[in-house]
Q: 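Got a structure for you, questions after.
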There are 4 protein chains.
Amino acid sequence: MAGSVNKVILVGNLGRDPEVRSFQNGGKVCNLRIATSENWKDRNTGERRERTEWHSVAIFNEGLVRVAEQYLRKGSKVYVEGQLQTRKWQDQSGQDRYSTEVVLQGFGSTLVMLDGRSEGGGYGGGQSSGYGGGQSGGYSEPYAAQSSAPAPASGGIDDDEIPF
Amino acid sequence: MAGSVNKVILVGNLGRDPEVRSFQNGGKVCNLRIATSENWKDRNTGERRERTEWHSVAIFNEGLVRVAEQYLRKGSKVYVEGQLQTRKWQDQSGQDRYSTEVVLQGFGSTLVMLDGRSEGGGYGGGQSSGYGGGQSGGYSEPYAAQSSAPAPASGGIDDDEIPF
Amino acid sequence: MAGSVNKVILVGNLGRDPEVRSFQNGGKVCNLRIATSENWKDRNTGERRERTEWHSVAIFNEGLVRVAEQYLRKGSKVYVEGQLQTRKWQDQSGQDRYSTEVVLQGFGSTLVMLDGRSEGGGYGGGQSSGYGGGQSGGYSEPYAAQSSAPAPASGGIDDDEIPF
Amino acid sequence: MAGSVNKVILVGNLGRDPEVRSFQNGGKVCNLRIATSENWKDRNTGERRERTEWHSVAIFNEGLVRVAEQYLRKGSKVYVEGQLQTRKWQDQSGQDRYSTEVVLQGFGSTLVMLDGRSEGGGYGGGQSSGYGGGQSGGYSEPYAAQSSAPAPASGGIDDDEIPF
DNA sequence: TTTT
DNA sequence: TTTT
């Protein structure tokens, strides 16, 4: 289908450490459990209530897997932007089951660390974007600002993967 | 939890007519099936491929249910903005099952019709927002623009519900 | 025009304390300066570069003004969601000038504090949403989750303003 | 700065045909004027009001420039996703002036045509994404869906630029 | 299972 | 003028 958009934006905290698994072909997936929650006052009782939603996030992008693995821990606050995907699988009894995840893979996927609490090393947080930007031409006036900022949105950590 | 965001944005087409059900208490839910899809060229074979994702949308907001019921049909293109929610339920064998939906309910939920195909009447499409805006004060200079536009994001169709 | 969306999402830090001004009619506006920035490696020189963008945010929503005033300070990290608006004004020489701002006003505007650094009091951060949610009906099965969470996205702080 | 997000999402109609200019170095920029508008009922007078906001969009991404040039026309409805950027320039009298635009350039920028009205050819609309996806590894089970959809969000039109 |  |  032409003309569609599939976008999920979450800001929340990890319920546990990231879990990374490797595939036979060398690829990796990193799974996160992210909690979002909201408070409201019950219309009838007037009492304050809270509801927490747990989200399953699957990161396939190599650079973002590296960031998640290295810098995120249980309790970390993150901004993630990805796509909704539902997978079909079979349970032990052979029945069809479905799991819906927020998938970070390829273009437009983003992972931004929002605190430094969980970092073991000296890295102080940082944005990492799925597939790096870059730009097919250098621009001159009248867009000097862009000219001097060839790939403003490119992720820092993926640089070695940007195929220029 | 303080400080979280749970947002889904979809632009896609309805796979079938909206389905509306009523609750005992007079409330309604409207369920949509929305398709988004993407094309890419296979890295290995070089052939063009397409993948369609189907999303379950549940609208609880009274005004948006009315809009969906009245103006959306199979094939309609829509922009929806809501929240990810996973419900737990029991199948016939008593096993726990989970369904993840995009829920439009309350603050920040939006439904925007993007074509006129499905409209039976003269209504030419329009944005409808969950719970209307409104503003607690009238503003004067230097924000004349806002002053004259007290509730710029308010939906048109919910007006009778906006407590001005 | 029917069928349009105007949405800005920023995550960044305040460059200075929030500035609140009052209007004659009792309304208030709170102005924020929010920095976002990005890093990239220059394609030609290979050196690391950074570009910071400064955003002007104007909050008209009463509840959000209160939150910003009370909890945000220079350096605070925030998530804001609002609309792009361009105002026309005259400079001293009578020439037309234009200023573009991210406006938080009414439906769909959001302000989420992402750190606790700036809080003077005991309030530990929290999401505050423009105009509170609420729900026009109580729902029963089969959407028990929603039934027990009537207005999941409603802001906590605005509750007294929700007109039920 | 680490940890920031700068995102604008618009759905609206072009007020005039796209304007494309070339730079000395061969780069191009395509400027769009996009209208979004909203309706509301005046709190005081009760009358229906409308406010239209005009947005300046600058597309630097080569593939998206091509799409805009070829398929968009005055009146076309589009979804755009880009970044807020403010440029400084000097007017004739040498005074500093600022212009804020929605910039589509590099990672995360998106342009989706939402109608077919403006197309001269047989192309029925389509999503086009800034810098194509692609994936650094092939995935196997248990994520078969992803395995067979290596770059789900890649744009169709940029394919010749995707460096596989 | 997070966070406040 | 923030932040890392």
Side-chain angles (χ1 to χ4, degrees), chain A residues 10-19 31-40 48-57 67-68 71-80 112-119 121-128 155-157, chain B residues 1-6 86 88 98, chain C residues 10-19 31-40 48-57 67-68 71-80 112-119 121-128 155-157, chain D residues 1-6 86 88 98:
Chain A
L10 301 176
V11 173
N13 299 277
L14 302 210
R16 52 176 187 243
D17 287 352
E19 293 171 357
N31 291 287
L32 307 178
R33 284 293 279 178
I34 296 183
T36 58
S37 73
E38 35 227 339
N39 298 276
W40 73 96
R48 183 144 290 289
R49 306 199 46 180
E50 177 165 7
R51 182 178 191 278
T52 295
E53 188 73 37
W54 286 98
H55 308 272
S56 291
V57 175
V67 175
Y71 300 113
L72 299 182
R73 292 292 175 272
K74 178 177 176 173
S76 297
K77 175 161 283 190
V78 286
Y79 170 103
V80 302
V112 176
M113 292 177 284
L114 295 174
D115 59 14
R117 240 173 312 167
S118 54
E119 283 127 9
Y123 191 82
Q127 175 168 13
S128 177
I157 290 164
Chain B
M1 182 205 310
S4 64
V5 173
N6 174 359
T86 298
K88 187 182 184 176
Y98 298 86
Chain C
L10 301 176
V11 173
N13 298 279
L14 301 210
R16 52 176 185 243
D17 286 353
E19 294 171 358
N31 292 286
L32 307 179
R33 284 292 278 177
I34 297 184
T36 58
S37 75
E38 34 227 341
N39 297 276
W40 72 97
R48 183 144 290 289
R49 304 198 50 179
E50 177 166 7
R51 183 178 191 278
T52 295
E53 189 72 36
W54 286 98
H55 308 271
S56 291
V57 174
V67 176
Y71 300 112
L72 298 182
R73 293 293 175 268
K74 178 177 175 175
S76 297
K77 175 160 284 190
V78 286
Y79 171 101
V80 301
V112 177
M113 292 178 284
L114 296 173
D115 59 13
R117 239 174 311 164
S118 53
E119 284 128 8
Y123 190 81
Q127 174 169 11
S128 176
I157 290 166
Chain D
M1 180 207 311
S4 64
V5 173
N6 174 359
T86 298
K88 188 182 185 177
Y98 299 86

Q: When the distance from NZ of K77(C) to P of dT3(F) is rounded to whole Å, what number comes out?
A: 10 Å

Q: Between the main-chain N or O of S37(A) and the side-chain N or O of E50(A), is there a donor-acceptor pair closer than 3.5 Å?
A: no

Q: Do any N or O atoms from the side chain of E53(A) and from the backbone of A35(A) form a donor-acceptor pair under 3.5 angstrom?
A: no

Q: Spell out, as yes or no, whether a donor-acceptor pair under 3.5 Å connects the side chain of K77(C) to the backbone of G3(D).
A: yes

Q: Distance check needed: dT3(F) C1' versus N13(C) CG, whole Å only.
A: 4 Å

Q: Can you measure N6(D) atom CG to dT3(F) atom P for me and round it to whole angstrom units?
A: 18 Å

Q: Do T52(C) and dT1(F) have a side chain to base donor-acceptor pair shorter than 3.5 Å?
A: no

Q: Nearest whole Å is fine: how far is dT4(E) P from R48(A) CZ?
A: 17 Å

Q: Just how far, in rounded Å, is C1' of dT2(E) from NZ of K74(A)?
A: 8 Å

Q: Given atom CG of D115(C) and atom C1' of dT3(F), what is their separation to the nearest angstrom?
A: 10 Å

Q: Compare the aromatic ring of W54(C) with the six-membered base ring of dT2(F) and state whether they stack according to the 5.5 Å and 30° rule.
A: no

Q: Is D17(A) reaching over with its side chain to a backbone N or O of K74(A), donor-acceptor style, under 3.5 angstrom?
A: yes

Q: Nearest-Å distance, CG (N39(A)) to C1' (dT3(E))?
A: 10 Å

Q: In whole angstrom, what separates L10(A)'s CG from dT3(E)'s P?
A: 17 Å

